[in-house]
Amino acid sequence: PKVTIVGAGNVGATAAHIIASKNLADVVLIDVAEGLPQGKALDMMHMRSVEQFTVKVTGTNDYADTRDSDVVVITAGIARKPGMTREDLLGVNAGIMKSVIGSAMEASPNAVFICVTNPLDVMTTLAFRESGLPANRLMGMGGVLDSSRLAFAVCEQLGCPPAAVTAWAVGAHGEGMVCWPRFTTVDGTPITELMDEAAVAGVVQRCVKGGAEVVAFLKTGSAYYAPGASIAKMVEAILTDSHEVMSVCAHIDGQYGIEDLYMNVPARLGKNGVEEVVEFDLNDDELAALRASADSVRAGLANLPE
Ligand code: NAI
């Protein structure tokens, strides 16, 4: 199989590295910066005999080289700096997303597309509107990362190994994020039974602020290792047709009482992209929180240039 990654910056290159290391697919890195995708791709090929993968990584500035990809991941755009929210990136990144989605689709009309550029929910919606792609073949990566940050916070709090934890963070990929403690478990037991309310609130806060915490340390940009790994996980589920359910920025069409909106919800992934949005059995408070998160995405959409 063939995976194209648009944007050979921190997130795109890290995703390429992980996809190659797992031997999942040939990877084409494409960027507007001349030399950057070629140099990073060559560097990864120099790693091939050390890591013992057999797939190829190539770099290009020409969409012709991305032709007939099975999956296209879009990471092109600017990232946030300290003090910025993901929403502050909207103006610049909307222009980039518009130009990228058209060229990428022309080269790979049958691909499954994964948007990563922030603000995620708004950029994925923009790509959906611009491309006319069927909703199942267009999604965003945000929820896998957010859920992984929640899992990390739970491990830190309880001292448990990562394999024991299943975590769910959904909703807007931003300050309006929603965590589901009742469905977040350690060896099958909900964390609401393992921690007091203050501790639960603490791990939720660590999840919601996780991205900002990284930005505050780095100062020059935002996270890329965990985002890269999260992209690779989604690509793997699609390429292997795994039918795995994970938190995906998917098109919601009536589920949870939410109409026509891209936001993170549990979704089943397979070779055709999103197979279904999965509805968890939420209580009234959880439903209200998810719908409030949907409202925060709608507020962001109102800022989209026509
Ligand atoms: P970066 O600055 O390291 O890389 C961005 C790359 O995009 C640069 O190499 C740049 O030359 C390229 N680019 C710009 N315009 C382009 C165009 N029209 N076509 C092709 N390439 C173009 O940024 P980084 O850290 O890789 O982040 C990329 C994006 O991903 C940002 O918007 C960031 O906010 C977002 N992000 C999203 C996450 C999520 O969970 N959805 C997690 C982490 C980052």
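Ligands are counted one by one from 1 in listed order, and the atoms in each one are counted from 1 as well.
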Heavy-atom neighbours of D284 CG exceed 12 at 6.0 Å:
no

Decide if atom CZ of R291 counts as having more than 12 heavy atoms of other residues, nucleotides or ligands within a radius under 6.0 Å.
yes

May I ask you to list the atoms of ligand 1 that are less than 4.0 angstrom from any heavy atom of [X]?
| X | result |
| --- | --- |
| V6 | 20 (C) |
| V11 | 24 (P), 25 (O), 26 (O), 27 (O), 43 (C), 44 (C) |
| T75 | 28 (C), 29 (C) |
| L145 | 40 (O), 42 (C) |
| P227 | 42 (C), 43 (C) |
| N93 | 32 (O) |
| A223 | 43 (C) |
| L89 | 34 (O) |

In the protein, which heavy atom is nearest to [atom], and how far is it?
| atom | result |
| --- | --- |
| atom 3 (O) of ligand 1 | N10 N, 2.9 Å |
| atom 31 (C) of ligand 1 | I78 O, 3.1 Å |
| atom 2 (O) of ligand 1 | G77 O, 4.1 Å |
| atom 8 (C) of ligand 1 | D31 OD2, 3.5 Å |
| atom 37 (C) of ligand 1 | V116 O, 2.9 Å |
| atom 17 (C) of ligand 1 | V32 CG1, 3.5 Å |
| atom 4 (O) of ligand 1 | G9 CA, 3.2 Å |
| atom 34 (O) of ligand 1 | N118 ND2, 3.0 Å |

Heavy-atom closest pair, residues W168 and T184
N-OG1, 3.2 Å

Which of E276, E244, H243, E275 passes side chain to side chain donor-acceptor pair (under 3.5 Å) with R268? Answer is E276

Would one find an N or O of H173, backbone or side chain, under 3.5 Å from an N or O of ligand 1?
yes

If we ignore angles and hydrogens, is there a donor and acceptor under 3.5 Å between the side chains of [X] and [Y]?
| X | Y | result |
| --- | --- | --- |
| H251 | D260 | yes |
| Q38 | N61 | yes |
| D146 | H173 | yes |
| D65 | T58 | no |

Can we say K22 and E236 salt-bridge, meaning some charged N sits less than 4.0 Å from an Asp/Glu carboxylate O?
yes

Give a yes or no on whether a salt bridge exists between K209 and E175, defined as a side-chain N under 4.0 angstrom from a carboxylate O.
yes

Side chain, backbone, both or neither: which part of M141 has a heavy atom under 4.0 Å from ligand 1?
both

At a non-hydrogen distance cut-off of under 4.0 Å, which region of L120 contacts ligand 1 (side chain, backbone, both, or neither)?
side chain

Under 3.5 Å, is there a donor-acceptor pair between the side chain of T66 and the main chain of Y63?
yes

Can you say whether the rings of F128 and Y262 are parallel (under 30°), tilted (30 to 60°) or perpendicular (over 60°)?
perpendicular

Given A15, A76, A33, which one has a non-hydrogen atom that is nearest to atom 21 (N) of ligand 1?
A76

